[in-house]
Amino acid sequence: MSQIANLAREPLILHTPRLMLRPLESRDAAQLLALFGDPAVTEFMDIAPMADLAEAAGVVDWANDRRAHNAGVRWGVRMAGDERLLGTCGFNLLELDRGRRGEVAYDLAQAHWGQGLASEALSAVIGFGAQRLGLHRLEAMVTPGNTRSVRLLERHGFVREGVLRDHGFWKGRFWDQMIYARLAPFD
Ligand SMILES: CC(C)(COP(=O)(O)OP(=O)(O)OC[C@H]1O[C@@H](n2cnc3c(N)ncnc32)[C@H](O)[C@@H]1OP(=O)(O)O)[C@@H](O)C(=O)NCCC(=O)NCCS
């Protein structure tokens with residue numbers, strides 16, 4: 001493996017057959033608001049549907065902070081050559097010191113579900129994690145009932161390791177989280 005990527009210093013533009021992935025920037029806030037304003041998108045996520053631009057800007061700030069500390073990265077997902085934001089994906093968490101773990105996350109606007117686009121984006125995220133971050137273990141947290149997310153993870157070789165009871169608290173209550181993981185090799 002080459003040296004571990006310094007996320008703050010690299011442009012981190014990724015390409016797949018159909019998509020271009022670019023780390024979230026402040027100019028993406030309005031499109032993020034449209035994405036996360038849809039209750040169908042946030043149903044199984046740890047956020048309520050967004051109502052104002054400040055919340056979307058907060059997501060960009062959070063992502064930039066993660067990236068600045070080599071602790072995560074969130075890409076905006078677009079069709080190649082098209083500025084419209086279809087969704088996001090990336091690593092919510094990275095542990096590169098006392099482990100080699102990354103927690104993947106992804107979402108798409110509902111109009112783009114069922115076309116294999118999240119799968120394509122996740123392949124790019126996994127490839128980056130393997131080749132540039134030297135990850136050994138990939139994790140994903142899934143809210144029970146999110147069958148599309150489970151199908152996506154299983155297609156990529158993730159296996160369910162268990163249920164973390166009352167692991168999260170959002171939208172006014174505790175939520176179980178299913179933990180899925182995949183170990184290296186990732187090719
Ligand atoms: C989770 C989520 C990203 C999954 O999106 P998705 O579009 O179902 O996932 P994929 O990209 O793997 O697409 C798979 C589907 O596309 C179909 N497909 C069509 N063309 C395809 C192609 N060229 N390649 C691969 N699959 C293709 C597959 O047959 C599959 O169909 P199915 O859903 O009927 O089984 C999406 O439901 C979402 O954004 N949900 C809201 C946010 C969320 O919950 N995120 C996860 C938090 S853990």
Side-chain angles (χ1 to χ4, degrees), residues 14-24 28-29 31-51 55-56 58-60 62-63 66 72-82 84-94 101-129 135 137-171 173-182 186:
L14 305 181
H15 297 276
T16 74
R18 289 178 288 179
L19 302 171
M20 187 274 288
L21 276 54
R22 185 176 75 215
L24 288 178
D28 296 325
Q31 295 198 80
L32 269 185
L33 175 59
L35 172 70
F36 293 136
D38 180 356
V41 172
T42 59
E43 179 180 4
F44 296 108
M45 294 176 66
D46 59 354
I47 51 171
M50 279 183 190
E55 284 180 84
V59 170
V60 178
W62 166 83
R66 294 259 123 192
V73 54
R74 194 77 172 203
W75 285 275
V77 176
R78 298 174 158 83
M79 291 289 189
D82 189 334
R84 281 172 296 182
L85 188 77
L86 309 187
T88 79
C89 64
F91 293 105
N92 275 353
L93 297 169
L94 286 169
R101 291 197 307 278
E103 182 188 319
V104 298
Y106 38 76
D107 47 73
L108 282 178
Q110 202 179 354
H112 306 290
W113 295 359
Q115 299 166 40
L117 293 172
S119 187
E120 206 167 299
L122 182 57
S123 291
V125 170
I126 293 172
F128 184 86
L135 296 184
R137 176 181 162 91
L138 301 175
E139 298 180 340
M141 299 290 184
V142 185
T143 301
N146 197 349
T147 51
R148 282 187 171 275
S149 182
V150 167
R151 281 207 297 272
L152 170 61
L153 290 168
E154 289 181 344
R155 268 196 296 274
H156 284 270
F158 285 71
V159 296
R160 187 177 126 139
E161 295 187 332
V163 177
L164 305 175
R165 295 174 300 158
D166 284 355
H167 186 69
F169 185 92
W170 55 81
K171 297 172 188 161
R173 71 162 174 98
F174 288 102
W175 296 82
D176 290 351
Q177 292 289 275
M178 301 186 292
I179 179 161
Y180 280 75
R182 177 178 167 185
F186 298 117

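Every number for a ligand or one of its atoms is a count from 1 in the order of the listing. As a basis for the values below, the full set of heavy atoms in this structure was taken, side chains included, without hydrogen atoms, waters or symmetry mates.
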**Fill in**
Any heavy atom of Asn146 under 4.0 Å from ligand 1? The part involved is side chain
**Message:** Which residue in the set Met45, Gln177, His167, Glu43 passes side chain to side chain contact (heavy atoms under 4.5 Å, CB included) when paired with Thr143?
**Reply:** Gln177
**Fill in**
For Ser119, the atoms of ligand 1 under 4.0 Å from one of its heavy atoms are 10 (P), 11 (O), 12 (O)
**Identity and distance of the protein heavy atom lying nearest atom 38 (C) of ligand 1** = Trp113 NE1, 3.2 Å
**Asked** Taking all non-hydrogen atoms of both residues, which atom of His156 and which atom of Ser123 are closest, and how far apart?
**Response** CE1-OG, 3.1 Å
**Message:** Looking at non-hydrogen atoms alone, which of Ala40, Gly114, Gly87 comes nearest to atom 17 (C) of ligand 1?
**Reply:** Gly114
**Request:** Just jot down the ligand 1 atoms closer than 4.0 angstrom to any heavy atom of Arg151, in number order.
**Result:** 32 (P), 33 (O), 35 (O)
**Message:** If the cut-off is 4.0 Å to any non-hydrogen atom of Leu152, which atoms of ligand 1 fall inside it?
**Reply:** 12 (O)
**Message:** Considering non-hydrogen atoms of the protein only, which is the closest contact for atom 42 (C) of ligand 1, and what is the distance?
**Reply:** Val41 O, 3.3 Å
**Message:** Judged on heavy-atom distance to atom 10 (P) of ligand 1, which of Gln115, Arg155, Glu43, Met45 sits nearest?
**Reply:** Arg155
**Request:** Any atoms of ligand 1 less than 4.0 Å from a non-hydrogen atom of Asp107? List them with their elements.
**Result:** 39 (O), 42 (C)
**Message:** Are the side chains of Val150 and Met178 in contact, using a 4.5 Å heavy-atom criterion?
**Reply:** yes
**Item:** Trp113 side chain vs Leu108 backbone, donor-acceptor pair below 3.5 Å
**Value:** yes
**Fill in**
Taken to the nearest 0.5 Å, the spacing of Phe91 CZ from Trp75 CH2 works out to 6.0 Å
**Message:** Out of all atoms in ligand 1, which are within 4.0 Å of some heavy atom of Arg18? Include the element for each.
**Reply:** 23 (N)
**Asked** Under 3.5 Å, side chain of Asp107 to main-chain N/O of Thr88, donor-acceptor pair present?
**Response** yes
**Prompt:** Does an N or O from Ser149, backbone or side chain, lie closer than 3.5 Å to an N or O of ligand 1?
**Reply:** no
**Request:** Could you list which atoms of ligand 1 come closer than 4.0 Å to a heavy atom of Ala118?
**Result:** 3 (C), 5 (O), 9 (O), 11 (O)
**Request:** Indicate, as side chain, backbone, both or neither, the part of Glu154 found under 4.0 angstrom from ligand 1 when only non-hydrogen atoms are considered.
**Result:** neither
**Request:** Evaluate the side-chain proximity of Met79 to Arg84: yes if any heavy-atom separation is below 4.5 Å, no if none is.
**Result:** no
**Asked** Which protein heavy atom lies closest to atom 39 (O) of ligand 1, and at what distance to 0.1 Å?
**Response** Leu108 N, 2.8 Å
**Message:** Is it the case that the side chain of Asp176 and the backbone of Asp166 share a donor-acceptor pair, with hydrogens and angles ignored and the cut-off at 3.5 Å?
**Reply:** yes
**Prompt:** Is Met141 in contact with ligand 1, taking contact as a heavy-atom separation below 4.0 Å?
**Reply:** yes
**Request:** May I ask you to identify the nearest protein heavy atom to atom 8 (O) of ligand 1, giving residue, atom name and distance to one decimal place in Å?
**Result:** Arg148 NH1, 2.8 Å
**Item:** CZ (Arg155) with more than 12 external heavy atoms under 6.0 Å
**Value:** yes
**Message:** Going by a strict under-4.0 Å cutoff (protein heavy atoms only), does atom 28 (C) of ligand 1 have a neighbour on the protein?
**Reply:** no
**Asked** When you check the gap from the basic side-chain N to the acidic O, do Glu161 and Arg137 get nearer than 4.0 Å?
**Response** yes
